[in-house]
There are 2 protein chains.
Amino acid sequence: MTRSKPRVLRTLEHAGGFASAQEVYKIMQREGESIGLTTVYRSLQSLVSDKIVDVLRRDDGEAIYRLCGEAHHHHLVCKNCGKTVEIEGGAIENWAKVMAQEHGFRDTGHIAEIFGTCSKC
Amino acid sequence: MTRSKPRVLRTLEHAGGFASAQEVYKIMQREGESIGLTTVYRSLQSLVSDKIVDVLRRDDGEAIYRLCGEAHHHHLVCKNCGKTVEIEGGAIENWAKVMAQEHGFRDTGHIAEIFGTCSKC
DNA sequence: ATGAAATTGACAATCGTTTTCACTTCTGCC
DNA sequence: GGCAGAAGTGAAAACGATTGTCAATTTCAT
């Protein structure tokens, strides 16, 4: 992808690194950028498979896209306001490795997310 | 609610304590139970506010309902053939609690899945 | 039994997301 | 430069989960 992806990425950065596809689209419209909703979705998906952004789910099921550094980390997400804290995996990393080995799995990865209600909500 | 809620609850139990609204509806249809999809949704929502069931989100955004009392466990999934092993959370449970507390989060839950390639693939 | 209130369910509407398809823009090759 | 074919784009339609509507049914207290 050539034209759209960088523009979508820039918009996501500008939005504080955290927005749904619909929101990114609306922002770009408001700023006068010419882009289709379909392309926003495709760009975001592409950015996800590039590991440039992360995708999570809000409580209502809407997907939210989030810029993410290359370091492996986990998330602590507020179900209510979407506030996200990046946290260390700590004991999990080893747990995942041991469990996988124990059952003969190779090339393993894992996801782990904690969700709840943050102090403000 | 009177007639439907217990039937939905029973179906959810029967399904292994873990299913989406659509799945519950399909199961009940198959078993010859007469119920509307709308009512399944309403019953599940009601069970959630009764704290009898939990609601999570699948990766694709579909809501899955889980019996609260159900033993909490995690999954080890083969990316290739889909084989799934239920595993214990072990160290994770505590990690999640500590992390959440540390950041002032309340009413927390977590999801953790390990994926990889199983010995056969 | 009876009327008010709660429950139910077929259907339509909504909303995020994906697919389709015709059109445009790139690309490498002559 | 021109030109095929591939890749990218976007409007509109399709899709699937969920929610709203509303008339019919059931429940419950009297």
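Labels below follow one simple rule: chain letters A, B, ... track the order of the sequence lines, proteins then strands, and each chain is numbered from 1.
The distance from atom CD of B:Glu23 to atom C1' of D:dT18 is 15 Å, rounded to the nearest whole Å. In this structure, B:Ile35 places its CD1 atom 14 Å from P of C:dT7, rounding to the nearest Å. Computed from coordinates, the A:Arg3 CZ to C:dT27 P distance equals 12 Å when rounded to whole Å. Taking atom CZ of residue A:Arg7 and atom C1' of nucleotide C:dT25, one finds them 13 Å apart after rounding to whole Å. Between the CG atom of B:Leu44 and the C1' atom of C:dT7 there is a distance of 16 Å, given to the nearest Å.
When all heavy atoms are compared, the tightest approach of B:Gln29 to B:Ile35 is NE2-O, 3.9 Å.
Every ring pair (Phe, Tyr, Trp, His ring centres under 6.0 Å) that A:His110 has, sequence neighbours left out, goes to A:His72, A:His74. Judged as a side chain to side chain contact (heavy atoms under 4.5 Å, CB included), and not counting sequence neighbours, the contacts of A:Thr108 are A:Ala100, A:Phe105, B:Ile114.
In the model, B:Glu33 has no side-chain atom that pairs as donor or acceptor with a side-chain atom of B:Tyr25 under 3.5 Å.
Heavy-atom contacts from other residues, nucleotides or ligands closer than 6.0 Å to CD of B:Glu88 number 12 or fewer.
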Hey, what are the protein-to-nucleotides 15-19 of chain C N/O distances that come in under 3.5 Å?
{"residue": "C:dT17", "atom": "OP1", "partner": "A:Ala63", "partner atom": "N", "Å": "2.8"}
{"residue": "C:dT17", "atom": "OP2", "partner": "A:Tyr41", "partner atom": "OH", "Å": "2.7"}
{"residue": "C:dT17", "atom": "O5'", "partner": "A:Tyr41", "partner atom": "OH", "Å": "3.2"}
{"residue": "C:dT18", "atom": "OP2", "partner": "A:Gln45", "partner atom": "NE2", "Å": "2.7"}

Side chains of residues 49-57 of chain B: which donor-acceptor partners sit under 3.5 Å, not counting sequence neighbours?
{"residue": "B:Ser49", "atom": "OG", "partner": "B:Gln45", "partner atom": "O", "Å": "3.4"}
{"residue": "B:Ser49", "atom": "OG", "partner": "B:Ser46", "partner atom": "O", "Å": "3.0"}
{"residue": "B:Asp50", "atom": "OD2", "partner": "B:Lys5", "partner atom": "NZ", "Å": "2.5"}
{"residue": "B:Asp54", "atom": "OD2", "partner": "B:Arg66", "partner atom": "NH2", "Å": "2.8"}
{"residue": "B:Arg57", "atom": "NE", "partner": "A:Asp59", "partner atom": "O", "Å": "3.2"}
{"residue": "B:Arg57", "atom": "NH1", "partner": "B:Gly61", "partner atom": "O", "Å": "2.7"}
{"residue": "B:Arg57", "atom": "NH2", "partner": "A:Asp59", "partner atom": "O", "Å": "2.9"}

Which donor-acceptor pairs under 3.5 Å do side chains of residues 8-21 of chain B form with protein atoms, sequence neighbours excluded?
{"residue": "B:Thr11", "atom": "OG1", "partner": "B:Arg7", "partner atom": "O", "Å": "2.8"}
{"residue": "B:Ser20", "atom": "OG", "partner": "B:Glu23", "partner atom": "N", "Å": "3.2"}
{"residue": "B:Ser20", "atom": "OG", "partner": "B:Glu62", "partner atom": "OE2", "Å": "2.9"}

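Stem regions for DNA chain C, each three or more consecutive Watson-Crick or G-U pairs with both distances under 3.5 Å and listed by first number, read C:1-30 with D:1-30.
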Subject >> From CA spacing to verdict: side chain to side chain contact (heavy atoms under 4.5 Å, CB included), B:Glu102, A:Ile87 >> reply: CA-CA 10 Å; B:Glu102 211 166 272; A:Ile87 53 181; over 6 Å; no
